[in-house]
Amino acid sequence: MPDPLPGGDGTAAAPFATAPGFAELGSRFFTRLAPTPLPSPYLVSVSAPAAALLGWDAHAATQAGFIETFAGNQVPAWADPLASVYSGHQFGVWAGQLGDGRAIRLAEARTAGGPMEIQLKGAGMTPYSRMADGRAVLRSSIREYLCSEAMAALGIPTTRAMCIVGSDAPIRRETVETAAVVARLAPSFIRFGHFEHFAAREDIGALRQLADFVIDRFMPACREDAQPYQALLREVSLRTAELMAQWQAVGFCHGVMNTDNMSILGLTIDYGPFGFLDAFDANHICNHTDSQGRYAYSQQPQVAFWNLHCLAQALMPLWREGEGEAGKDAAVEAARAALDPFRARYAAAFFRRYRDKLGLRPPAGRDEDDEPLLTSLFQLLHEQRVDYTLFWRNLARISSADGSRDAPVRDLFPDRAAWDAWAGTYRARLRAEQSDDAARAAAMLAVNPKYVLRNHLAETAIRRAREKDFGEVDRLLAVLSRPFDEQPGAEAYAALPPDWAAGLEVSCSS
Ligand code: AMP
Ligand code: MG
């Protein structure tokens, strides 16, 4: 345990040592500035598991100065606050310079698990705020907080959220809401857009510095490669492929997969208009603002691949040697070679995850031999608009011998005969591999969550929080932190969405 760092006047003392981290890169990469204070801040919620990543226990929030520190009202002695600059493609179009318009990094903590950046989201204007106010509202902050922690509990790579601090300061969106700040944690918040930024400026020195920073700190194996920067691109492609398979398997829709919202570490980042599938719809669009469905559920893996092409384009100057078309062709070829493993890795991860969800052993032949079973299932779920989470959970308990225990899953299908037909194929496969029902059920229940952050659950917690009752945020956080466990008394959190949920719309407004 490193020596604790003192706070300053009215700030939180910290149980960790710090390092310069991103600040090492120098002033081309960021602007140093303090958060803008918020009037009369109050604690909304603390995630004990996230706080523990920094060495704080569950009572940390009662420490003097904790709320002031995470409201951004006091800058502790251990902090070196800064906002970073990046650019990006938004909805397929080059958007130019963006940057941390409302996020301020406080510090990089040195933890047992490696470096951990502490960032305040909603901490006030920065040089990158453009026309916006630098703030985040309580509604979107609760959504980001709950989903970050829920994803972590699901085993899906993600930035974390340690606490929410609220204030009654009015924030204008479609209506007037109130302000909040989320303390986010991640080993790094570097995005594809950071690389695009320096490539667009043709600042190859900065580009190389950034790539070296990521390689040396997070992907040291790339350094051993004859072409470290191509190895970096390959590694990011593989991580992103794994992440996409996890999103698809759990039914998570990100909603705004712009290149500035893609983590170089393969983390889920920037929770805005995200959603989990309720009734399965392959073309589900969770972001009301995304009228074209660019980021629909079924599009996510290929959008990620498109985003990786943007990253490749940005990194290419690092291995382009020689002038003219010949140099360019060779560089493009090398980029293609580094991106290409995305497909195979995504396919392998996809089949592995869905086989696990189905409780199947790998086929005797190739992964693709499972394709007909899966394709027919997706088609069926789509046509019948079956609740995605309940389907998998209830599927775990059927019998491989006959339909005697089918009711909980069969009743999810408006057309029971359609289920019976698919179930026949599935049962045949289970019998062919002599599946043991009890062992299979246990394995399936360990990968198919019972509890996910359905929109209406978040909405209920938000409505109560607006009335200053934060208990539902905490309850939901607790339920979502054990998504695979049966939790007596929490059945309502696993139920089908109520009728009023159909009217919920989630947009980019945050
Ligand atoms: P997003 O797509 O929500 O991740 O944000 C895109 C860009 O807009 C990023 O550069 C954000 O920092 C910036 N941004 C979003 N909302 C605000 C806000 N309220 N104030 C300042 N910048 C913002
Ligand atoms: Mg963003």
Side-chain angles (χ1 to χ4, degrees), residues 22 29-31 33 35-36 38 72 81-105 117 119-145 147-148 158-159 161 166-167 169-182 184 186 188-198 200 253-265 267-275 285-292 294-295 300 303-304 307 310-311 506-510:
F22 191 85
F29 293 83
F30 55 81
T31 302
L33 82 172
T36 308
L38 268 177
L82 57 85
S84 76
V85 64
Y86 54 80
S87 294
H89 283 83
Q90 299 186 315
F91 291 89
V93 179
W94 176 244
Q97 180 177 308
L98 302 166
D100 294 327
R102 53 175 166 173
I104 294 180
R105 181 203 86 148
E117 282 200 300
Q119 187 194 67
L120 302 184
K121 180 168 176 179
M125 298 222 297
T126 77
Y128 317 113
S129 300
R130 297 177 293 157
M131 306 299 283
D133 60 6
R135 291 301 183 189
V137 296
L138 180 64
R139 162 179 56 83
S140 65
S141 301
I142 289 174
R143 285 172 48 86
E144 168 141 28
Y145 172 79
C147 200
S148 304
T158 178
T159 63
S167 162
I171 302 294
R172 195 168 295 280
R173 295 292 181 263
E174 278 86 357
T175 59
V176 175
E177 303 186 46
T178 62
V181 176
V182 176
R184 300 200 294 189
S188 171
F189 288 91
I190 295 176
R191 302 140 191 276
F192 291 10
H194 281 94
F195 290 89
E196 292 179 279
H197 181 73
F198 294 102
C253 308
H254 182 283
V256 209
M257 289 177 67
N258 294 333
T259 58
D260 54 303
N261 291 338
M262 296 290 293
S263 152
I264 202 73
L265 300 184
L267 310 173
T268 313
I269 191 172
D270 280 12
Y271 293 88
F274 67 84
I285 304 166
C286 63
N287 178 358
H288 189 65
T289 320
D290 180 13
S291 52
Q292 304 290 311
R294 179 179 175 84
Y295 300 138
Q300 297 190 125
V303 165
N307 290 343
C310 293
L311 178 65
V506 183
S507 74
C508 277
S509 154
S510 60

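Residues take their numbers from the sequence shown, with the count starting at 1. Atom set for the values below is all heavy atoms of this structure, side chains included, hydrogens, waters and symmetry mates excluded. Just follow the structure's listing: the first ligand is 1, and inside any ligand the first atom is 1.
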Open item on the list: Checking a contact table here: which protein heavy atom is nearest atom 21 (C) of ligand 1, and how many Å away?
Closed with: G101 O, 3.1 Å
TODO: Look up atom OG in S84 and atom NE2 in H197, then write down how far apart they are to the nearest 0.5 Å.
DONE: 9.5 Å
Open item on the list: Could you tell me if the side chain of L38 sits less than 4.5 Å from the side chain of R135, heavy atoms only?
Closed with: yes
Task: Residue and atom name of the nearest protein heavy atom (relative to atom 8 (O) of ligand 1), distance in Å to one decimal - done: R130 NH2, 2.9 Å
Task: Short side-chain donor-acceptor distance under 3.5 Å, H254 and Q300 - done: no
- [ ] Look at the rings of H194 and F22 and say which category their plane angle falls in: under 30° parallel, 30 to 60° tilted, over 60° perpendicular.
- [x] perpendicular
Open item on the list: Tell me whether the Mg ion (ligand 2) has N258 as a neighbour, meaning an N, O or S atom of it below 2.8 Å.
Closed with: no
- [ ] Measure the OH-CD1 distance between Y86 and I264 for me, rounded to the nearest 0.5 Å.
- [x] 14.0 Å
Open item on the list: At less than 4.0 angstrom from any non-hydrogen atom of D133, what atoms of ligand 1 do you find?
Closed with: 18 (C), 19 (N), 20 (N)
Task: Ligand-residue contact atoms, ligand 1 with Q90, heavy atoms, under 4.0 Å - done: 6 (C)
Open item on the list: To check your reading of the model: name the closest protein heavy atom to atom 20 (N) of ligand 1, its residue, and the distance in Å.
Closed with: G134 N, 2.8 Å
Task: Donor-acceptor side-chain pairing of S510 and R102 below 3.5 angstrom - done: yes
- [ ] Provide, to 0.1 Å, the distance between atom 4 (O) of ligand 1 and the closest protein heavy atom, together with that atom's residue and name.
- [x] N261 OD1, 3.0 Å
Open item on the list: Which residue and atom name correspond to the protein heavy atom nearest atom 10 (O) of ligand 1, and how close is it?
Closed with: G99 O, 2.6 Å
- [ ] For atom 14 (N) of ligand 1, find the nearest protein heavy atom and state the residue, atom name and distance (0.1 Å precision).
- [x] R102 NE, 4.2 Å
TODO: For the residue pair R139 and S509, confirm or rule out a side-chain donor-acceptor distance under 3.5 Å.
DONE: yes
- [ ] Report, in ascending order of atom number, the atoms of ligand 1 lying under 4.0 Å from any heavy atom of R173.
- [x] 19 (N)
TODO: Please work out which of S509, A132, G122, S87 has its closest non-hydrogen atom nearest to atom 18 (C) of ligand 1.
DONE: A132
Open item on the list: What I'd like to find out is whether the side chain of F189 reaches to under 4.5 Å of the side chain of R105, using heavy atoms alone.
Closed with: no
Open item on the list: Using a plain distance cutoff, I'd like to know if S510 has any nitrogen or oxygen under 3.5 Å from a nitrogen or oxygen of ligand 1.
Closed with: no
TODO: Among all protein heavy atoms, pick out the one at the shortest distance from atom 5 (O) of ligand 1; state its residue, atom name and that distance to 0.1 Å.
DONE: D260 OD2, 4.4 Å
Open item on the list: Under 3.5 Å, is there a donor on one side chain and an acceptor on the other for N307 and T259?
Closed with: no
Open item on the list: One residue to check: Y128. Relative to ligand 1, which of side chain, backbone, both or neither has a non-hydrogen atom less than 4.0 Å away?
Closed with: neither
Task: cation_pi(R143, Y271) dist<6.0 Å, angle<=45 - done: no
Open item on the list: Could you identify the N, O or S atom of D270 positioned closest to the Mg ion (ligand 2)?
Closed with: OD2
